[in-house]
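In what follows, every heavy atom counts, from backbone to side chain, and hydrogens, waters and symmetry copies are set aside.
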Amino acid sequence: MQNNFERYSCQMALPGFSESAQQKLKDAKVLVIGAGGLGCPVLQYLVASGVGTIGIADGDTVSVSNLHRQILYGPADVGKSKVSVAAEKLRAQNPDVAIQEFGYLIAPDNSIELTDKYDVIVDCTDNFEARYLINDTCVIGKKPLVYAAIYQYEGQLAVWNLPAYGGLYSPNYRDLYPDVNTSQVPNCSVGGVIPTLAGIMGSMQANEVIKYITGTGDLLTGRILIFDAASMQSRVIKIGDVTKTSITQLPQNAALPLISFDEYKQLSSKKQTTLIDVRTLAERDLEDIGGLHIPLDELEEGLPNLNQDNLLVFYCATGKRSGEAVKLLTKHYPNIDARSLAGGLQGM
Amino acid sequence: MQNNFERYSCQMALPGFSESAQQKLKDAKVLVIGAGGLGCPVLQYLVASGVGTIGIADGDTVSVSNLHRQILYGPADVGKSKVSVAAEKLRAQNPDVAIQEFGYLIAPDNSIELTDKYDVIVDCTDNFEARYLINDTCVIGKKPLVYAAIYQYEGQLAVWNLPAYGGLYSPNYRDLYPDVNTSQVPNCSVGGVIPTLAGIMGSMQANEVIKYITGTGDLLTGRILIFDAASMQSRVIKIGDVTKTSITQLPQNAALPLISFDEYKQLSSKKQTTLIDVRTLAERDLEDIGGLHIPLDELEEGLPNLNQDNLLVFYCATGKRSGEAVKLLTKHYPNIDARSLAGGLQGM
Amino acid sequence: MDITLLAFGIAKDIFGASSVTVAVNEASPVSILKEKIELNYPKFKALKSYMVAVNNEYAADDLILSASDEVAIIPPVSGG
Amino acid sequence: MDITLLAFGIAKDIFGASSVTVAVNEASPVSILKEKIELNYPKFKALKSYMVAVNNEYAADDLILSASDEVAIIPPVSGG
């Protein structure tokens with residue numbers, strides 16, 4: 001077979017697919033942001049199917065509690081960079097794919113540059129800050145965005161921001177949810193997630209990416225799929241043909257400075273560090289990793305007397321309240337180095 | 001955390017899940033038959049989620065045309081046993097899972113023994129002979145069977161043969177399709193399959209296995225899910241509460257004797273072997289791997305003069321017509337060793 | 001009455017379309033519809049079995065059809 | 001009239017059920033329904049935004065509801 005496409009013969013036999021569709025995949029550049037529960041199957045299927053260039057962006061290291069749903073990683077990978085581990089395994093899976101590694105979190109000061117060289121962006125992140133930033137970056141940069149999100153037994157999937165008509169674009173995430181108070185929504189480490197949901201929704205994301213690139217099938221544009229893995233029911237909700245939003249600048253909130261437990265251990269051996277638990281006393285009584293104890297509500301009443309030259313590492317159960325603590329402190333003391341323990345105690 | 005369950009904290013946080021659900025997974029024994037497009041994600045998610053004992057049964061070796069959808073394998077694995085390659089990678093993914101390897105095809109003379117020690121059987125095979133054999137084996141052996149099948153953009157999923165009421169069982173595959181003329185249904189190498197569909201349906205199979213073992217959610221019992229990856233629409237079709245079938249013995253057809261191209265090469269160096277192409281002349285003009293040329297329709301008109309002491313290896317494009325040829329020959333000459341090239345030229 | 005058949009899997013290939021319309025008498029059972037289908041499209045007879053789903057329920061041969069029914073033709077699938 | 005709300009995601013946790021019934025006047029717009037929801041379940045107000053889907057379409061605030069509508073409450077989800 002020409003072009004070394006023998007590997008792809010079983011997809012090139014599809015109606016609506018062909019050698020030219022395969023060539024489109026080979027020529028395509030896809031950026032996958034987040035190499036976690038959704039990112040693992042997205043990456044494995046995009047690599048398997050022969051997408052020519054795949055970028056992976058993630059600042060996290062592998063943790064034990066990731067392993068129940070993040071199928072690219074095993075216990076031997078714990079503590080290593082997700083991007084590095086994933087890239088190595090994916091290169092073995094298909095050496096013809098150019099894998100590009102970005103071992104950092106997406107942030108307002110890098111998101112445009114990061115996405116600019118890619119044809120399609122895939123949002124596989126696990127927090128609202130990143131999701132809004134990616135959404136707004138794609139709207140401003142006119143990039144198609146394949147979105148999925150999961151919680152417990154339920155997943156959402158959509159393709160945002162495709163050209164519609166008259167210079168207008170199809171709906172994006174802010175058409176559904178203009179803004180969210182993130183502290184009101186539990187994440188997977190609190191509410192749990194069934195691992196197979198990551199596989200189902202991630203494979204569906206990769207499916208939409210392949211359909212978009214090759215021009216086959218009907219994309220989930222102007223619609224959102226809601227899938228329930230408990231009942232196996234799904235419904236597609238119609239949003240509309242064009243967006244009603246007007247997004248012209250990136251979210252103003254600076255990205256939250258996070259720190260992993262491994263980084264904390266490393267930095268604390270080199271630098272004066274103050275660890276601060278912002279949970280309630282009842283939570284602390286059950287389990288703690290040491291440090292000062294200043295509950296978030298006390299912090300909100302009056303700023304404590306902390307050494308501003310130290311590295312200040314805040315922690316809570318999930319990273320949510322410690323994030324609030326960091327926001328509060330940096331608002332008042334812009335020059336301090338305050339960080340929130342990523343994922344909290346449950347992410348360790 | 002007790003019992004070394006830290007890895008599973010994000011699923012134990014699920015409503016309806018708990019440490020006891022995790023213990024049920026650990027105690028469970030699941031047999032996955034077929035380590036191909038569906039089998040890869042099924043295995044990865046069952047291993048990730050902590051199912052204690054997983055058997056893998058598959059007689060195939062990895063071929064290049066598998067790689068677009070069989071995400072456990074890369075080009076370095078081509079020619080190796082799927083079961084061995086999969087087992088090695090899965091043990092690295094979760095060393096706490098006991099992986100049991102069965103490097104052979106399921107057949108009427110081994111199916112009861114193979115399935116007997118397992119609590120749940122997962123059908124990830126790619127042909128009707130195996131599917132009917134597995135279905136009937138599970139009905140006779142009273143085993144729950146999680147079924148999925150894929151073709152082009154479309155997948156089917158169901159949970160068969162659960163106890164219903166009054167000693168009766170829920171529907172099984174033969175309630176829908178009592179019998180099939182296999183030569184009328186193209187397989188994936190002819191009609192193609194989108195790789196992500198394997199991921200979606202395989203992840204859904206693993207999802208139903210986890211729900212069954214842990215007793216969470218509503219299983220697809222007495223119902224079948226039909227999913228279309230082109231439109232992302234799915235529908236659940238109600239079948240009924242109990243089976244109307246009465247299955248008391250395994251399919252009488254002997255399993256078709258298959259041979260892989262690697263086995264053929266090995267055996268032909270040790271033994272007198274006759275290779276026979278049963279395709280049309282037009283197909284043969286495009287590409288062949290040598291041997292005699294006796295189109296299937298000629299074979300049906302009159303049996304050829306072949307040396308019955310030789311190993312007779314029949315081939316066609318996909319293995320379907322060569323299978324018919326083997327059936328025909330062995331009916332007339334029960335003592336010959338006639339085999340069909342598994343997957344045909346497209347499976348090489 | 002005209003019954004519109006939604007085609008799944010290889011039924012699309014056999015019909016050559018994602019849906020076709022077949023005429024049967026009022027209050028015909030599914031068995032008559034199947035006879036019509038197999039007459040117009042002999043490949044369904046060769047297939048030996050295929051599922052007829054009416055309003056998202058498996059339809060036995062004696063189910064009586066009405067014009068408002070949604071009828072899906074779902075052949076077996078073997079790939080993996 | 002009584003409107004039954006189907007709960008998705010964390011709406012199940014907030015309602016404490018997979019569906020609840022809310023009473024609004026005949027021909028009320030979605031905005032009034034949302035006010036009722038936020039009065040009975042203040043967490044929805046705290047959430048800032050959540051989707052109301054009526055008969056599987058995204059419903060703007062001015063859509064007029066009728067008793068036969070199927071209304072789904074779909075909050076945002078962040079996990080990955």
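Within the structure, salt bridge (charged side-chain N to carboxylate O under 4.0 Å, His left out) pairs that include any residue of residues 35-46 of chain A do not occur (at least two apart or interchain).
At a 4.5 Å heavy-atom cutoff, B/L72 makes no contact with chain A through either its backbone or its side chain. Contact of B/A206 with chain A is made through backbone and side chain together, with heavy-atom distances under 4.5 Å. Both the backbone and the side chain of A/A229 come within contact range of chain B, each with at least one heavy atom under 4.5 Å from a heavy atom of that chain. For a residue to count as touching a neighbouring chain, one of its non-hydrogen atoms must lie under 4.5 Å from one of that chain's; by this rule B/I71 touches chain A with backbone and side chain alike. In this structure, chain B has no heavy atom under 4.5 Å from any part of A/L46. A/L67 touches chain B through backbone and side chain together, each having a heavy atom under 4.5 Å away. For A/I210, the part lying under 4.5 angstrom from a heavy atom of chain B is the side chain only. For B/L220, the part sitting under 4.5 Å from any heavy atom of chain A is the side chain, from C-beta outward, and nothing else. Residue contact with chain A, scored on non-hydrogen atoms closer than 4.5 Å, involves the backbone and the side chain of B/I200 alike.
The ring-ring contact (aromatic ring centres under 6.0 Å, His included) search around A/F261 returns A/Y264, not counting sequence neighbours.
Residues B/L90 and B/I56 are in side-chain contact: their nearest non-hydrogen atoms beyond the backbone lie under 4.5 Å apart. Residues A/L176 and A/I239 have side chains in contact (heavy-atom distance under 4.5 Å, counting atoms from C-beta outward). By the 4.5 Å heavy-atom criterion applied to side chains, A/L38 and A/V122 are not counted as neighbours. Between A/L157 and A/I226 there is no side-chain heavy-atom pair separated by less than 4.5 Å. Counting only heavy atoms from C-beta outward, the side chains of B/I99 and B/L43 never approach each other to under 4.5 Å. Side-chain atoms of A/I150 and A/F227, non-hydrogen and from C-beta on, never get closer than 4.5 Å to each other. Looking at heavy atoms from C-beta onward, A/V51 lies out of side-chain contact with A/V47 at the 4.5 angstrom threshold.
Note: B/G191 leads B/P41, B/G191, B/A92 in heavy-atom pairs under 4.5 Å with chain A. Counting heavy-atom pairs closer than 4.5 Å to chain B, the top residue among A/G16, A/G74, A/G199, A/G202 is A/G199. Most heavy-atom pairs under 4.5 Å with chain B, from the set A/G217, A/A198, A/C40, A/P75: that is A/P75.
Closest approach of B/G39 and B/V32 over heavy atoms only: CA-CG1, 4.4 Å.
How far SG of B/C316 is from CG of B/L341: 8.0 Å, rounded to the nearest 0.5 Å.
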Across chain A and chain B, what donor-acceptor pairs are shorter than 3.5 angstrom?
from	atom 1	to	atom 2	distance (Å)
A/R7	NH2	B/L67	O	3.3
A/C10	O	B/V193	N	2.9
A/Q11	OE1	B/H68	ND1	2.8
A/P15	O	B/Y153	OH	3.2
A/Y45	OH	B/G199	N	3.3
A/L67	O	B/R7	NH2	3.3
A/H68	ND1	B/Q11	OE1	2.8
A/Y153	OH	B/P15	O	3.2
A/V193	N	B/C10	O	2.9
A/T196	OG1	B/N207	OD1	2.6
A/G199	N	B/Y45	OH	3.3
A/N207	OD1	B/T196	OG1	2.6
A/N207	ND2	B/A229	O	3.0
A/K211	NZ	B/A229	O	2.9
A/K211	NZ	B/A230	O	2.9
A/D218	N	B/A230	O	2.8
A/A229	O	B/N207	ND2	3.0
A/A229	O	B/K211	NZ	2.9
A/A230	O	B/K211	NZ	2.8
A/A230	O	B/D218	N	2.8
A/S234	OG	B/S234	OG	2.9

- side-chain contact (heavy atoms from CB on, under 4.5 Å) between B/L345 and B/I289: does it pass, once the steps are laid out? CA-CA 8 Å; B/L345 294 182; B/I289 54 168; 3.9 Å; yes
